[in-house]
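What follows is a short report on a single structure.
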Amino acid sequence: SLATSRNQLGGAGTLSQGLAFGGATPTVVTATEEYNSNINAFTPAAWSAGGSMNTTRKYMAGLGTRSAALAAGGSTSSPGTNETPNSEEYDGTSWTEGNNLATSRYGLGGAGVQTSSVAAGGRSPAGSALTNSEEYNGTSWTGTPSLNTGRRYLSGFGASETAALVTGGTVGGAPGGGTAQTATEEYNGSSWASVGSLNTAKNSTSGNACGIESAGLMVSGNAGNEEYNGTSWSEVGDTNTSNNGGSVAGSQTSAVYAGSNGESTLSELYNGTSWITSASLATGRGYGGGAGATNATGTIFGGKNSPTAPKTTNVTEEFNGETTSVITASTLTTS
């Protein structure tokens with residue numbers, strides 16, 4: 001604000017360096033004031049390289065935060081499925097091999113955090129849709145009660161192994177086909193219970209999910225997006241592009257969706273209401289894993305990145321949102 005309230009004054013200068021002089025208060029005044037605007041430095045959003053995974057893979061269970069992520073299972077190469085039981089932990093800088101899943105699988109759903117998580121379902125080496133479920137305590141995997149509905153290519157999210165959820169997936173048909181599902185199941189640390197179904201059948205070849213058991217988000221390029229409130233699913237706004245097979249990280253109100261089954265580099269941000277296009281990945285990929293508490297700390301790893309063998313990558317990328325910093329503060333002087 002001006003130091004001297006007035007009207008009918010004169011002005012000169014530019015947006016960043018202006019003058020206000022004279023005027024009436026209502027008495028005519030001679031005061032001159034100078035204005036120097038805030039000069040803000042904007043750093044655009046960008047993806048940066050993180051540490052590479054030890055095992056290249058796609059269709060893994062990805063969960064946790066940037067500084068404490070977990071990747072389990074997956075398919076290591078193509079042609080062929082090459083299911084792996086490998087499990088790795090990420091500390092925000094590098095990946096470390098951990099103890100393996102008891103059952104090799106890919107297209108499994110994962111939920112929780114690095115020290116308290118669950119992995120369920122998926123495709124077995126024999127091609128069947130698994131009901132198997134395993135808990136991870138930060139050191140080792142332990143078998144738990146099975147899912148009610150065996151399926152592959154399902155998605156998962158949740159705060160811990162005692163507050164986890166899996167949804168969607170594929171049942172029946174050939175290993176690469178089958179029928180997409182709407183079924184959703186919650187795990188309380190002792191058993192799986194069927195809860196509210198998706199409005200539209202979805203599987204992880206179309207997208208993936210993030211969030212916690214009472215506030216989840218399922219993102220699917222060709223089957224729409226839905227939010228879960230702990231009881232039921234509701235349809236929400238679509239992404240700007242209809243990319244399928246991307247990776248998602250963050251929360252229900254702050255998510256990032258990146259990549260596609262066509263190895264796209266595109267990414268979009270979600271604020272709980274709408275999607276906006278953001279910075280591109282350095283490595284195009286689809287069917288990767290994701291971790292992060294918000295879109296600002298979203299981390300994408302692994303995935304399918306090439307039409308030729310082995311078709312998988314171990315590259316990790318970390319999203320850094322746009323930032324603003326003040327170079328010169330506003331000043332107001334009177335002369």
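In this text the structure is predicted, and so the values were computed from the model without any measurement. In what follows, residues are counted from 1 in the order of the sequence shown.
Partners of Glu318 under the side chain to side chain donor-acceptor pair (under 3.5 Å) rule, at least two apart in sequence or in another chain, are Tyr90. Judged as a side chain to side chain donor-acceptor pair (under 3.5 Å), and not counting sequence neighbours, the contacts of Thr56 are Thr312.
The OG1 atom of Thr25 lies 11.5 Å from the CG atom of Leu9; values are rounded to the nearest 0.5 Å. Distance check, rounded to the nearest 0.5 Å: OG1 of Thr103 to CD of Glu83 gives 11.5 Å. If you take CG on Leu217 and CZ on Phe157, they are separated by 8.5 Å, rounding to the nearest 0.5 Å. Taken to the nearest 0.5 Å, the CG atom of Asn271 stands 12.5 Å off from the OG1 atom of Thr294. Put simply, CG on Asn208 and OH on Tyr59 are 10.5 Å apart, with the number rounded to the nearest 0.5 Å. Remark: Lys311 NZ to Lys58 NZ distance equals 6.5 Å, nearest 0.5 Å.
Arg105 places no side-chain N or O within 3.5 Å of a backbone atom of Gly73 that could act as its donor or acceptor partner. In this structure, Glu268 contributes its side chain and Thr241 its backbone to a donor-acceptor pair below 3.5 Å. Side chain of Glu134 to main chain of Ala102: a donor-acceptor pair is present (N/O by atom type, distance under 3.5 Å, no hydrogens or angles). Between the side chain of Glu185 and the main chain of Asn148, a donor-acceptor pair closer than 3.5 Å is present. Judged by distance alone, the side chain of Thr131 and the main-chain N or O of Gly150 form no donor-acceptor pair under 3.5 Å. Listed for the Asn99 side chain is a donor-acceptor partner under 3.5 Å among the backbone atoms of Thr139. Judged by distance alone, with hydrogens and angles left aside, the side-chain atoms of Glu89 form no donor-acceptor pair with the main-chain N or O of Gly98 at under 3.5 Å. Here the side chain of Asn225 pairs a donor or acceptor atom with the backbone of Gly237 at under 3.5 angstrom. Between the side chain of Gln252 and the backbone N or O of Glu227, no donor-acceptor pair lies under 3.5 Å. Listed for the Asn240 side chain is a donor-acceptor partner under 3.5 Å among the backbone atoms of Trp275.
Connection of Val219 to Val236 is established within a shared hydrophobic cluster, with ILVMFWY side chains joined at heavy-atom distances below 4.5 Å, either directly or through further cluster members. Under a hydrophobic-cluster definition in which Ile, Leu, Val, Met, Phe, Trp and Tyr are linked whenever side-chain heavy atoms come within less than 4.5 Å, directly or via other members, Tyr257 and Leu269 are assigned to different clusters. Both Leu281 and Ile276 are assigned to one and the same hydrophobic cluster, defined by single-linkage of ILVMFWY side chains at heavy-atom distances under 4.5 Å. Leu2 and Val28 fall into different hydrophobic clusters, where Ile, Leu, Val, Met, Phe, Trp and Tyr residues are linked whenever their side-chain heavy atoms come under 4.5 Å apart, directly or through other members. Connection of Val166 to Val118 is established within a shared hydrophobic cluster, with ILVMFWY side chains joined at heavy-atom distances below 4.5 Å, either directly or through further cluster members.
Residues Ala258 and Ser267 share a closest heavy-atom pair of CB-CB, 3.7 Å. Contact record, Trp192 with Ala120: CZ2-CB, 3.9 Å, taken as the closest heavy-atom pair. Contact between Gly207 and Ser155 at its shortest, heavy atoms only, is O-OG, 4.2 Å. Residues Trp141 and Ser87 share a closest heavy-atom pair of NE1-OG, 3.4 Å. The minimum heavy-atom distance between Asn261 and Tyr287, with the atom names listed, is CB-OH, 2.8 Å. Minimum interatomic distance between Ser247 and Ile300 (heavy atoms only, all atoms of both residues): CB-CD1, 3.6 Å.
Side-chain atoms of Ser254 and Asn295 form a donor-acceptor pair, as typed in the model, at a separation below 3.5 Å. A donor and an acceptor atom, one from each side chain of Asn305 and Thr283, are nowhere located under 3.5 Å apart. A donor-acceptor contact closer than 3.5 angstrom links the side chains of Ser133 and Thr144. A donor-acceptor pair shorter than 3.5 Å can be found between the side chains of Arg66 and Thr299. A side-chain N or O of Asn82 and one of Ser77 form a donor-acceptor pair less than 3.5 Å apart.
Residues Val256 and Ser278 fail the side-chain proximity criterion, which asks for heavy atoms closer than 4.5 Å. Taking 4.5 Å as the limit, every side-chain heavy atom of Gln114 sits out of range of all side-chain heavy atoms of Thr65. Arg57 places a side-chain heavy atom less than 4.5 Å from the side chain of Glu88. The side-chain heavy atoms of Met60 and Phe301, taken from C-beta on, include a pair separated by under 4.5 Å. Residues Trp233 and Met218 are in side-chain contact: their nearest non-hydrogen atoms beyond the backbone lie under 4.5 Å apart. Between Asn137 and Thr142 there is no side-chain heavy-atom pair separated by less than 4.5 Å. Taking the side chain as every heavy atom from C-beta outward, Asn244 and Thr205 never approach each other to under 4.5 Å.
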What verdict does the side chain to side chain contact (heavy atoms under 4.5 Å, CB included) test give for Trp47 and Thr265, after you've listed the backbone C-alpha separation in whole Å, the side-chain angles of each residue and the deciding distance to 0.1 Å? CA-CA 10 Å; Trp47 290 89; Thr265 61; over 6 Å; no
Kindly determine whether Thr184 and Leu165 satisfy side chain to side chain contact (heavy atoms under 4.5 Å, CB included), including the steps that lead there. CA-CA 7 Å; Thr184 301; Leu165 181 149; 3.7 Å; yes
As a quick check of understanding, evaluate side chain to side chain contact (heavy atoms under 4.5 Å, CB included) for Thr76 and Asn86, giving each step before the final call. CA-CA 10 Å; Thr76 59; Asn86 284 13; over 6 Å; no
Pair Leu63, Tyr136 - check side chain to side chain contact (heavy atoms under 4.5 Å, CB included), show working. CA-CA 12 Å; Leu63 52 93; Tyr136 187 66; over 6 Å; no
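Between Tyr187 and the choices Glu213, Glu161, Glu135, the side-chain hydrogen bond (donor to acceptor under 3.5 Å, both in side chains) rule is met once, by Glu135.
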